[in-house]
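Worksheet for the structure shown next.
The basis for the numbers below is simple: all heavy atoms, side chains too, and nothing from hydrogens, waters or symmetry mates.
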Amino acid sequence: MEIVVGTRGSHLALTQTGQVIEQLQSKHPGIRFVPKIIKTKGDRDQHTLLHKMDDKGIFIKELEDELLSGGIDMAVHSMKDMPSILPKGLILANSPKREVAADVLVLKEGASSLEELRNKKIGTGSKRRMFQLAQNKVLSVAIRGNIETRMEKIRTEGLDGVMLAAAGMIRAGYRDRISLYLDPQEFVPAACQGILAIEIREDDRRMFSLIEAISDRDTNICAETERAYLEEVGAGCHSPVGAYSVIEGDHVFLTVLFGTEDAGVLLKKKGNCRIGEHRKLAVSLARDIKGEVEKYEKR
């Protein structure tokens with residue numbers, strides 16, 4: 001039996017899809033899992049900044065079209081790229097174990113904290129990162145491109161460093177290039193950063209069962225929590241938004257970020273609850289932080 005796994009064609013996408021296939025293959029040795037590369041809108045346009053593309057599906061739509069048409073049996077995405085509402089007929093299977101969720105810095109010269117980078121120029125394409133850097137008095141320069149291209153811009157564009165996701169760096173084999181890890185409870189990452197999303201057809205229960213063999217309970221609780229926050233806060237692609245949850249014992253600890261489009265206001269909130277109440281916690285924090293941001297906007 002052969003199962004076709006859809007993926008984008010970047011080095012990172014191929015690597016993380018390969019890791020999912022390897023895990024699935026180890027659990028189901030009698031099945032052949034074959035990758036199929038599909039180019040997305042986000043891959044074709046490497047120049048427009050992500051927050052200006054005004055499209056939450058720039059890295060997934062073409063994969064979803066292939067899934068709906070039967071051209072592939074599952075698609076592997078970065079969970080942080082997934083909108084809160086999926087097309088009719090598609091669902092997310094449970095995810096494998098989360099990689100490190102933090103944002104990291106690749107620097108021309110080392111540093112042990114953000115304080116040491118005040119007035120330095122750091123490249124990033126994310127408003128969330130830009131605004132949090134600004135809060136720490138670090139300058140940001142807008143860039144796009146894959147991991148390798150972004151790291152090269154330190155040299156070609158005279159940057160002091162670039163900011164990337166730890167998960168992508170580690171999965172792509174660049175762990176040794178990381179200069180500084182940022183605490184995700186202080187410098188809040190994108191919701192579900194480090195989590196892989198495996199999308200399948202809703203009626204394909206066999207595929208769901210096959211993927212369940214590699215799922216991780218804590219990762220899926222965190223994904224539910226952070227996606228519930230995103231859905232409730234209703235942030236568009238122009239607003240800085242982030243969420244990070246961690247499980248300790250029988251409790252979920254959640255840190256969230258939200259702000260205005262112009263960075264006039266950027267707020268952070270924290271809360272915790274017992275597992276089972278994590279969706280309610282996410283919704284409550286989303287309503288609180290959104291309400292506070294709206295008050296500032298009306299002033």
Side-chain angles (χ1 to χ4, degrees), residues 20 23-24 27 56 60 74-103 128 165-167 183-235 239 241-258 267-294:
V20 169
Q23 291 180 58
L24 287 169
K27 297 292 185 180
K56 290 185 179 180
I60 63 171
M74 67 176 75
V76 178
H77 313 279
S78 293
M79 184 74 84
K80 64 184 178 64
D81 294 332
M82 302 300 292
S84 55
I85 299 175
L86 302 181
K88 186 177 181 180
L90 299 181
I91 60 170
L92 294 180
N94 285 330
S95 297
K97 187 174 177 60
R98 186 180 207 166
E99 188 50 91
V100 177
D103 282 319
R128 172 187 57 78
D183 181 349
Q185 293 182 326
E186 299 303 323
F187 197 102
V188 187
C192 298
Q193 188 161 291
I195 301 177
L196 295 180
I198 306 177
E199 195 172 17
I200 60 175
R201 288 181 288 277
E202 188 173 18
D203 59 0
D204 197 340
R205 303 312 299 174
R206 182 170 187 273
M207 203 62 56
F208 189 93
S209 179
L210 289 175
I211 296 165
E212 186 64 20
I214 66 169
S215 72
D216 179 78
R217 169 187 170 271
D218 287 3
T219 294
N220 287 287
I221 291 171
C222 288
E224 287 177 4
T225 304
E226 293 166 34
R227 282 175 64 77
Y229 168 73
L230 275 188
E231 184 174 0
E232 184 64 31
V233 85
S239 300
V241 60
Y244 171 70
S245 57
V246 63
I247 294 173
E248 295 181 12
D250 62 354
H251 275 68
V252 179
F253 292 79
L254 176 62
T255 303
V256 298
L257 179 84
F258 188 57
L267 301 179
K268 183 168 62 179
K269 278 188 169 292
K270 297 185 179 186
N272 70 86
C273 66
R274 287 187 175 275
I275 293 172
E277 300 293 314
H278 49 283
R279 289 179 182 272
K280 290 181 181 178
L281 172 65
V283 169
S284 175
L285 285 180
R287 289 175 178 171
D288 286 350
I289 200 168
K290 189 174 183 179
E292 288 189 30
V293 169
E294 287 173 350

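Across all non-hydrogen atoms, the minimal contact from Pro96 to Leu196 is CD-O, 4.2 Å. The two residues Pro189 and Pro184 make their nearest non-hydrogen contact at CD-O, 3.4 Å. The minimum heavy-atom distance linking Ala223 with Met79 is given by the pair CB-CE, 4.2 Å. Residues Val233 and Lys290 share a closest heavy-atom pair of O-NZ, 3.2 Å. Nearest heavy atom pair, residue Arg128 against residue Gly242, reads CD-CA, 4.0 Å. Across all their heavy atoms, Tyr229 and Leu257 have their closest contact at OH-O, 2.9 Å.
Distance check, rounded to the nearest 0.5 Å: NZ of Lys269 to CD of Glu292 gives 4.0 Å. Here the CE-CE distance, from Met207 to Met74, works out to 5.0 Å after rounding to the nearest 0.5 Å. Separating the CD atom in Glu99 from the CD1 atom in Ile195 is a distance of 11.5 Å, to the nearest 0.5 Å. Summarising the geometry, atom CG belonging to Leu90 is positioned 13.5 Å from atom CD1 belonging to Ile85; distances are rounded to the nearest 0.5 Å. For the atom pair Ile275 CD1 and Cys222 SG, the distance stands at 8.5 Å (nearest 0.5 Å). Between Leu267 atom CG and Phe258 atom CZ the span is 9.5 Å, to the nearest 0.5 Å.
Applying the salt bridge (Lys or Arg N to Asp or Glu O under 4.0 Å) rule to pairs touching residues 183-199 yields Glu186-Lys268, Glu186-Lys270, sequence neighbours excluded. The list of side chain to side chain donor-acceptor pair (under 3.5 Å) pairs with a residue in residues 88-97, not counting sequence neighbours, reads Asn94-Glu212.
Partners of Arg287 under the side chain to side chain donor-acceptor pair (under 3.5 Å) rule, at least two apart in sequence or in another chain, are Glu232.
The pair Glu277-Arg274 does not meet the salt-bridge criterion, since no charged nitrogen lies less than 4.0 angstrom from a carboxylate oxygen.
Between the side chain of Thr225 and the backbone N or O of Ile221 there is at least one donor-acceptor pair closer than 3.5 Å. Using a distance-only test at 3.5 Å, with no hydrogens or angles considered, no donor-acceptor pair links the side chain of Arg98 to the main chain of Asp216. At least one donor-acceptor pair under 3.5 Å links the side chain of Arg227 to the backbone N or O of Pro83. In terms of modelled atom types and a separation under 3.5 Å, the side chain of Glu231 and the main chain of Ser84 share no donor-acceptor contact.
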Take Leu24 and Ile214 through the side chain to side chain contact (heavy atoms under 4.5 Å, CB included) test and state the conclusion after the steps. CA-CA 7 Å; Leu24 287 169; Ile214 66 169; 3.8 Å; yes
Give the intermediate values and the outcome of side-chain hydrogen bond (donor to acceptor under 3.5 Å, both in side chains) for residues Thr255 and Gln185. CA-CA 6 Å; Thr255 303; Gln185 293 182 326; 4.6 Å; no
